Amino acid sequence: MNDAATIGLEVPTRTAGLLEALFRRSGVDGLHARTDRFERVVEGLQTLITQHREKDVEVLRFPPVMSRRNLEKSGYLHSFPHLLGAVCCLHGDETAIRAAVDRPDEKGGWVASLAATDLVLSPAACYPVYPLAAERGPVAGKGLIFDVACDCFRHEPSLNIDRMQSFRMREYVFVGAPGQVNAFRARWIERAQGIAEQLGLSHQLAGASDPFFGRVGKIMAVSQMEQELKLEMLIPVRSADEPTACMSFNCHRDHFGEAWGLRCEDGTVAHTGCVAFGIDRLALALFAQHGLDLVKWPRTVRTALSLNP
Ligand code: ATP
Ligand code: ZN
Ligand code: MG
């Protein structure tokens with residue numbers, strides 16, 4: 001659905017202007033250098049999301065790589081092996097590494113000697129937070145809220161401007177009782193719609209599913225959809241007919257609680273949920289909606305993004 005072949009001719013033309021004005025090409029699909037114009041809006045968005053932060057929230061900023069073991073334990077490998085990127089290096093003594101570097105391309109080149117390390121590229125901002133929360137023992141009555149962010153990687157190269165291999169994600173994560181998670185998600189759906197309005201972005205909410213791998217994955221996706229565990233805020237970026245998921249509101253139920261032994265004070269397994277902001281997609285949506293010239297953006301939008309002098 002997102003492949004270049006399925007895009008009408010007019011769509012790439014429409015987004016080509018955005019690509020030229022906001023990014024510098026890297027030669028790899030879905031990987032761009034970002035211009036100052038784009039980053040000013042990104043910074044404004046980050047500040048705006050911080051302004052909406054609830055009280056008693058712990059802020060953590062994660063590196064773009066995380067523990068391979070922890071991601072495996074979270075179940076990511078099982079559900080999304082096709083999206084995962086791992087950090088591989090040349091191991092061994094000087095002779096072994098020199099031989100790898102000098103191996104001719106027709107014999108596989110240096111890449112043939114790469115072997116895994118204990119790191120993977122983080123596919124979402126919230127994965128590293130669950131083991132940290134679990135280490136602290138039972139979750140106090142009112143639950144825990146985290147504000148997390150990182151640069152994410154997903155192996156989904158695409159010519160579509162809104163599908164990147166490397167992108168920034170900001171999330172608020174809740175850990176606590178099931179009812180508290182639902183209330184957290186409901187509050188954030190409401191608040192996020194307010195943010196979209198502040199930003200002058202036309203938006204709609206829709207049920208969604210994650211791209212679980214393989215045939216069993218299709219069943220998991222249907223069940224996720226049926227139980228309304230994932231909602232997305234769709235905003236036009238490439239076209240109004242095919243709006244882009246710029247935020248998601250996720251209920252994980254006891255998935256991470258079970259994986260990490262997260263408990264509430266009464267001994268029951270803690271539930272978790274997260275609200276994720278696709279920062280690069282939100283910035284793209286703003287340019288798609290309001291044009292390339294920041295000075296001409298509506299005053300209210302400029303104010304919301306701290307762009308006014
Ligand atoms: P999609 O259905 O478009 O693949 P997703 O369901 O995989 O999105 P989430 O896993 O919910 O997305 O990630 C949270 C947010 O991160 C998304 O709402 C989106 O804004 C952003 N995001 C996800 N994948 C990408 C990507 N490849 N490029 C840019 N932003 C992304
Ligand atoms: Zn999350
Ligand atoms: Mg996806």
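Positions are given from 1 along the sequence. Note that this is a predicted model, so its numbers are computed, not measured. Read the numbers this way: they start at 1 and go in the same order the structure lists the ligands and their atoms. In what follows, every heavy atom counts, from backbone to side chain, and hydrogens, waters and symmetry copies are set aside.
Counting heavy-atom neighbours within 6.0 Å of R191 CZ, excluding the residue itself, gives a total above 12.
The backbone of C246, and not its side chain, has at least one atom closer than 4.0 Å to an atom of ligand 1 (non-hydrogen atoms only; backbone = N, CA, C, O). Using a 4.0 Å cut-off between heavy atoms, M169 contacts ligand 1 through its side chain alone, with no backbone atom that close. With a 4.0 Å heavy-atom cut-off, ligand 1 is reached by no atom of Q165. Under 4.0 angstrom from ligand 1, there are no non-hydrogen atoms of L282.
To the nearest 0.5 Å, the span separating CG on L132 from CD on E135 amounts to 6.0 Å.
Of all the atoms in ligand 1, the ones that sit under 4.0 Å from a non-hydrogen atom of K230 are 6 (O), 9 (P), 10 (O), 11 (O). Short contacts between ligand 1 and D162, defined as distances under 4.0 Å to a heavy atom of the residue, involve ligand atoms 28 (N), 29 (C). Ligand 1 places these atoms under 4.0 Å from at least one heavy atom of A276: 14 (C).
Here R69 pairs with E72 in a salt bridge; the nearest charged N to carboxylate O distance falls below 4.0 Å. A salt bridge does not link R163 with D29: none of the charged nitrogens is closer than 4.0 Å to a carboxylate oxygen.
Both the sub-6.0 Å distance and the 45° axial angle are not jointly satisfied by R185 relative to the ring of W188.
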| task | Show the numbers, then the answer: is there a ring-ring contact (aromatic ring centres under 6.0 Å, His included) between Y127 and Y76? | result | CA-CA 9 Å; Y127 285 101; Y76 192 87; 5.4 Å; yes
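Using a 4.0 angstrom heavy-atom cutoff, I279 does not count as in contact with ligand 1.
With the Zn ion (ligand 2) as the vertex, atom SG of C126 and atom OE1 of E171 span an angle of 110° (nearest 10 degrees).
Donor-acceptor pairing under 3.5 Å is lacking for the side chains of T272 and R253.
Selection from P211, A245, C126, S248 by nearest heavy atom to atom 20 (O) of ligand 1 gives A245. Nearest-residue assignment for atom 12 (O) of ligand 1 (options R281, M164, R154; heavy-atom criterion): R154.
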